[in-house]
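The structure appears right after this line, and notes come after that.
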Amino acid sequence: MLQEVRVGLLPRLRDARGEELLYEIRTALGIEGVEAVRTVKVYRFEGVDEQAARLLAERLLSEAVFQEYRINEPLITDADRLVEVAYRPGVMNPEAGSLMKAAADLGVKGLLAADSSMEYAFFGQLSERALETITRRLLVNETVQQVVVKRPETLLLGGEPGRTLTIPLRAMDDAGLMALAADRLFLNLEEMRLIQGHFRKLGRDPTDAEVEILAQTWSEHCVHKTFKARIIVNGQEKKPFLTRLKEATADVARGDLVLSAFVDNSGVMQFYDGWAICGKVETHNAPSAIEPYGGAATGSGGVFRDIMGTGQGAKVIASTDVFCFAPPGTPAETVPAGCLHPHYLLRRVVAGVRDYGNRMGIPTNNGSVHFHPDFRAKPSVIVGSYGLIPAEQAEKGLPRPGDKIVVAGGRTGRDGIHGATFASAAMTDRTMTVNAQAVQIGHAVEQKRMADALLIARDEGLIRAITDCGAGGFASAVGEMGAQTGARLHLDRAPLKYSGLAPWEILLSESQERMVAAVAPENVGRFMEICRDHNVEAAVLGEFTDTGRFEAYHGKEKVLDLEMEFLHHGLPQRELSCSFTAAELTEPEIPVPADWAGLCCQVLSHLNVCSKEPIVRVYDHGVQGTNALPPYGGVGGDAPNDAAILTPILGKPYGIVVSHGLNPVLNKIDAYWGGVWAATEAVANAVAVGANPRELALIDNFIWPVPEGEFLAHLDRAVDACADFSRALGLPFISGKDSLSSTYRGSGETIHIPPVLCISVLGRLPDVAKTVSADFTDKGNPLVLVGSRREEEMGGSVYYDLHGCLGRSIPRIDINRLPEVFLAVHGMITSGTVLACHDVSEGGLAAALAEMAFGGGLGAEIELPEEVRPDFFLYNETAGCFVLEMAPGADPAVLLTGVPHLLLGKTIPEPELRFSHGRRPLFTVSLQRLRAAWQRPMKEVFGA
Amino acid sequence: MRPPVIVLRTDGTNCDVETAFAFELAGGAPRLVHVNRLRSGKEKLNRYKILAIPGGFSYGDDVHSGKILAVELISFLREEISGFIAGGGLVLGICNGFQVLIRTGLLPFGELGRIRTTLMVNDSARFECRWVRLRVEQSACVFTRGRAGEVVEFQVAHGEGRFFTENATLEEIEARRLVAFRYVGPDDRPAQDYPENPNGSLNAVAGLTDPSGRIMGLMPHPERNILAHHHPNWRRLRDPLSVGTAGRFIFENAVAAAKEA
């Protein structure tokens, strides 16, 4: 029999979690009638008696100073409703391991399994329907959780090991091939025929493991078929997308900066004193769409492992998060079938990133959130990670024949099977139910201890090559590492979470928190010892060979035997063609506004401009002791900065700079100029804090609708924008990722999610003392706008959006003039003539000035030139422009000779923004009013 | 001689490197040691003068923050810890380390295994990272020696930091002057309201000492304010070195006291 222990707060104490839930019931769901909510933690133990349960309750589970407990009976008996929520069987509860450990530490014998869950007690009038809504929307994500309706009989998962099946592929007709592909392999008919042809040639049928590994390796997610394809636009052949980015990087010839680009799990650039820094940015859109907490958490976890799997293993030093959602106020009836509401998605995605990064001790310092109604079918969740590594260990390792294949970290379960193929498929209204197993929750502490162990193993020189088990699991990790040599795997040697897995499932499982290392035989003993010392499970699964084949066994049975050549190069290059026609858009006629101050508040409270501080506050941005520029600073700690600066080597002045740029709505007008904007914004953000525009590297992320027809043509232009930008600025791309499935196909409805190009920037600077923040420092200082723009280019702006328009006149940034602007700003920051700097982006000049003023507790007096249209002047969003607070006495005309600039006015002691148009006053608005408008939207969502 | 400092780490510890660096800067000789090495006897506490339990999420903060590590220390290292303290060893717990010290009973009364106070989920019910103002209180604490009455700024980053106990215990703590740090508002007076008091701690308690003054724990992170660029507004401070490195004295006092012992 299971022992159940319930632990709750003493009745006289406030239940903060219960109150938080009550707040959400009232505000997010609008349900009245619930008077109070209290929470109870439920623990279950298998294999021990009631006496042991009592010992655990008293010594481990509860503290009498504020809690009470019950054993095998309810704790709250007077509630009107009780709902218990637990993880589904087979979903790993990270707490279970700690319960087992602590019980053993306390001397409890015989414990076979442990689990924990939450019980919610509702007091007040609550209809069955309201309870169901609360349960479904706030308590349970059915993908991983369930309501416990009856006391479980056992916590143990059993099952006979599944067998390897032979798939009668050779005899299948096209319908049979496509039936096999649907919902399982996500390959097209041509690819299925290719596999069929291969096995006909071999004269045998494939095993299920072989079919699965081919589908996985050939998935868009892993092989990036589109980015490697021949592209024909308007009848003319162009180079493959990836080739264009690589050639631009080769042309800018920054061998002094780049150590590794596009070949490893992250891109690596030189740092100082023999160190290198690396960066990788990933997307986790599909999993986050169906289980936002787990999807975002494992997205962070995965990109951290990309850093850990760079060279011989890097230390993770920073995390970033960039999200695109539909507005949180989206009416529920407009959310497509099979999709979750954006209010819930936003909160749960933030919670996922928070819990993984905070628990692993990775500071999250840079990010942004963008809103557009068309993200209602699928959000974009972009998670980045940066690392530090000795330069001499930064080159991608290659296993040698005879090296052992060692897996370290978490156990293998049925989690995330088909994640790679699933991520490559478009969402449908069946996605939520059919692909539930494709997501899992993360276990950050498992990964942290593994990271601790691996860094020691790296420092002792024990690791020849290392990679993470990401999409495709062992199949992908071992298949890629052994591509040049060959590999032999013994799947039965993998530590499993539970029995009952078929060999192909072990091969393909995407269980998180696992890394695969190539370790020379003489180093295996020491490697395993380090793992044991850190409570990290590790196992030798096989060895790298010189056969050029990928073989896998389960016991004596051979379940996989494929040539690496066919696996990695059997897929022919695709040819994709499209034709480009510019979108048919019109330019709106916007009347000159009447209420200028009210308009300014409206712009500041637009979702794409408003403060995101409540999100940032739940991320630990100070851990590791490296922060030199926080995401929010200034006198009240509430004014945003443009980039993160960290000093990863404690005690040294060396800084790494991390920033990014994106503006999805611009890509709906023109993906070329939208792409230029994103890249310009990313670099401008880094330059605004003091980065040298010649000491940066770029990372691309394309999140695009399924690249067919016009979307392929737009993608083509976005890639051209990146390559042109790279050459004009002399900056290399070192890493990138594409996710080309942002299309939703429901019953009778197709939604193309706005194309997203996110450019991330990684840079270095020799002395963090020579950097600036965005907050005004003192009254009476000159304010200068630097950079060139055409004010009438308002297309895609927040200002237009407030009028319900998209427009056509997208900012066409002159990339050839950017270097002189960037270098001038950098030079003035370094020499100390700039006291504060902020780049202009969404919300335009007015938003930039307001944010600088919030930070300084100071106002500004701005004179608009007579000849400009004031609303366009204030709300134009051309990237690559900066507002500078200059030191007293600094003469902009002298310092900025030949660089486009305009003296705007000066800082003033009064907490207000004063604008005049020529000599005529235009409007004055208090910082208090602006700040309230600017902070309101996210405070409402997060209840801060 | 640099006094040896053991910076204890385990699964989920994540402020160990910067805590060690803070001791290094203060003149100590820190070493990162996994708790498994103490359990196996490969390392002995009595080789060290200072035990630091850094921040993080030890064992995922499962059950309660710091609980699993506290149970482990009480179950396996009770005599060793008692001996270390009896021999004049100093103990510092920061954030998760403070949670561990509270849950072992070492704070505030130095009673290993007897838990009379706790740290609950923040009143806001969420993890938060922000800078707070703290007043150093008059106490026997050696870590804050000579600093009573000063106001410093440190960062907090936690989800379970609300100090709570019964009224009688709280009165005893106050009467015996065991409060080492309190959250204060702009007027330097103890703050009960969010966000100056970021978690709703009773009597604005942010840190505690034991009666001997040689064991101290606090929720905020002094090790995140020891370099000139640590303070979030170091660029606008008139005297960045005095404000911006305000966390150093805790480590310097510890090292000085360890040298005397």
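Just so we're on the same page: letters track the sequence lines, and every chain starts at 1.
Distance alone, capped at 3.5 Å, is enough to place a donor-acceptor pair between the H230(B) side chain and the G625(A) backbone. Within the 3.5 Å criterion, the main-chain N or O of G633(A) finds no donor-acceptor partner in the side chain of W131(B).
Contact annotation for E19(A): neither backbone nor side-chain heavy atoms come within less than 4.5 Å of a heavy atom of chain B. Interface residue R39(B): only side-chain heavy atoms are found under 4.5 Å from chain A. No part of L835(A) comes within reach of chain B, as not one of its non-hydrogen atoms sits under 4.5 angstrom from that chain. Only the side chain of F76(B) comes within less than 4.5 Å of a heavy atom of chain A; its backbone N, CA, C and O stay farther away. The contact between M360(A) and chain B is made entirely by backbone atoms, counting heavy-atom distances below 4.5 Å. In this structure, chain B has heavy atoms under 4.5 Å from both the backbone and the side chain of A628(A). Contact of Q155(B) with chain A is made through the side chain alone, with heavy-atom distances under 4.5 Å. The contact between T117(B) and chain A is made entirely by backbone atoms, counting heavy-atom distances below 4.5 Å. Heavy atoms closer than 4.5 Å to chain A are found in the backbone of S124(B), but not in its side chain. Looking at N358(A), both its backbone and its side chain come within 4.5 Å of chain B, counting heavy atoms on both sides. Heavy-atom distances place the side chain of N233(B), and not its backbone, under 4.5 Å from chain A. Contacts between R59(A) and chain B at a heavy-atom distance below 4.5 Å involve the backbone alone (N, CA, C, O). If you measure heavy-atom distances from N96(B) to chain A, you find no contacts under 4.5 Å at all. Both the backbone and the side chain of D775(A) come within less than 4.5 Å of a heavy atom in chain B. Within the 4.5 angstrom heavy-atom criterion, only side-chain atoms of Y43(A), from C-beta onward, approach chain B. For R236(B), the part lying near chain A is the side chain, with the backbone staying farther off; criterion is any non-hydrogen pair under 4.5 Å. If you measure heavy-atom distances from I362(A) to chain B, you find no contacts under 4.5 Å at all. With a 4.5 angstrom heavy-atom cutoff, P630(A) touches chain B only via side-chain atoms. Using a 4.5 Å cut-off between heavy atoms, V635(A) contacts chain B through both its backbone and its side chain. Heavy atoms of F21(B) lying under 4.5 Å from chain A belong exclusively to its side chain.
By the 4.0 Å N-to-carboxylate-O rule, R14(A) lies close enough to D123(B) to be salt-bridged with it.
Rounded to the nearest 0.5 angstrom, E223(B) CD and L650(A) CG are separated by 10.5 Å. Atoms CG and NZ, on L227(B) and K652(A) in that order, are 12.5 Å from each other to the nearest 0.5 Å. The distance from atom CG of L73(B) to atom CG of D105(A), rounded to the nearest 0.5 Å, is 9.5 Å. Expressed to the nearest 0.5 Å, how far NE2 of H229(B) lies from OG1 of T771(A) amounts to 9.5 Å. Note that CZ of R354(A) is 9.0 Å distant from CZ of F127(B), once rounded to the nearest 0.5 Å. Separation of atoms CD (E95(A)) and CG (D61(B)) is listed at 10.0 Å; rounding is to 0.5 Å.
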Could you check D11(B) against E446(A) for side chain to side chain contact (heavy atoms under 4.5 Å, CB included), going step by step and ending with a plain yes or no? CA-CA 7 Å; D11(B) 307 5; E446(A) 174 80 59; over 6 Å; no
After noting the C-alpha distance and the side-chain angles of V17(B) and K315(A), does the key distance pass the side chain to side chain contact (heavy atoms under 4.5 Å, CB included) rule? CA-CA 12 Å; V17(B) 173; K315(A) 178 182 177 180; 4.2 Å; yes
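No side-chain heavy atom of F66(A) sits under 4.5 Å from any side-chain heavy atom of R162(B). The shortest side-chain heavy-atom distance between M120(B) and L9(A) falls under the 4.5 Å cut-off. When side chains are defined from C-beta on, R617(A) does not count as touching R126(B), because their heavy atoms never get closer than 4.5 Å. L10(A) places none of its side-chain heavy atoms less than 4.5 Å from the side chain of E166(B). Annotation: side chain of L629(A) is in contact with side chain of R235(B) (closest heavy-atom distance under 4.5 Å). Contact check for I68(B) versus L99(A): no side-chain heavy atoms found under the 4.5 Å cut-off. Looking only at side-chain heavy atoms (C-beta outward), T10(B) and R449(A) stay at 4.5 Å or farther from each other. Looking at heavy atoms from C-beta onward, T118(B) lies out of side-chain contact with Q67(A) at the 4.5 angstrom threshold.
When the candidates A102(A), A351(A), G634(A) are compared by the number of heavy-atom contacts under 4.5 Å with chain B, G634(A) comes out ahead. Listed options R37(B), K42(B), R103(B) were ranked by heavy-atom pairs under 4.5 angstrom with chain A; first place goes to R103(B). Of the listed residues (A157(B), G56(B), G60(B)), the one with the most heavy-atom contacts under 4.5 Å to chain A is G60(B). Heavy-atom pairs under 4.5 Å with chain B peak, among D355(A), V618(A), D15(A), D620(A), at D620(A). When each of S98(A), G107(A), G97(A) is checked for heavy-atom pairs under 4.5 Å with chain B, S98(A) comes out on top. The greatest number of non-hydrogen atom pairs below 4.5 Å with chain B, out of Q624(A), H443(A), Q447(A), M450(A), is found for Q624(A). Listed options T777(A), T626(A), V445(A) were ranked by heavy-atom pairs under 4.5 angstrom with chain B; first place goes to V445(A). Your options are A769(A), A444(A), S116(A), and the one with the most heavy-atom pairs under 4.5 Å with chain B is A769(A).
Heavy-atom minimum distance, A16(A) versus V121(B): CB-CG1, 4.4 Å.
Sorted by first then second residue, the side chain to side chain donor-acceptor pair (under 3.5 Å) pairs that include residues 13-26 of chain B, not counting sequence neighbours, are R9(B)-D16(B). Applying the side chain to side chain donor-acceptor pair (under 3.5 Å) rule to pairs touching residues 627-636 of chain A yields N365(A)-N627(A), sequence neighbours excluded.
Relative ring orientation between H534(A) and H34(B) is described as perpendicular, the plane-to-plane angle rising above 60° on a 0-90° scale split at 30° and 60°.
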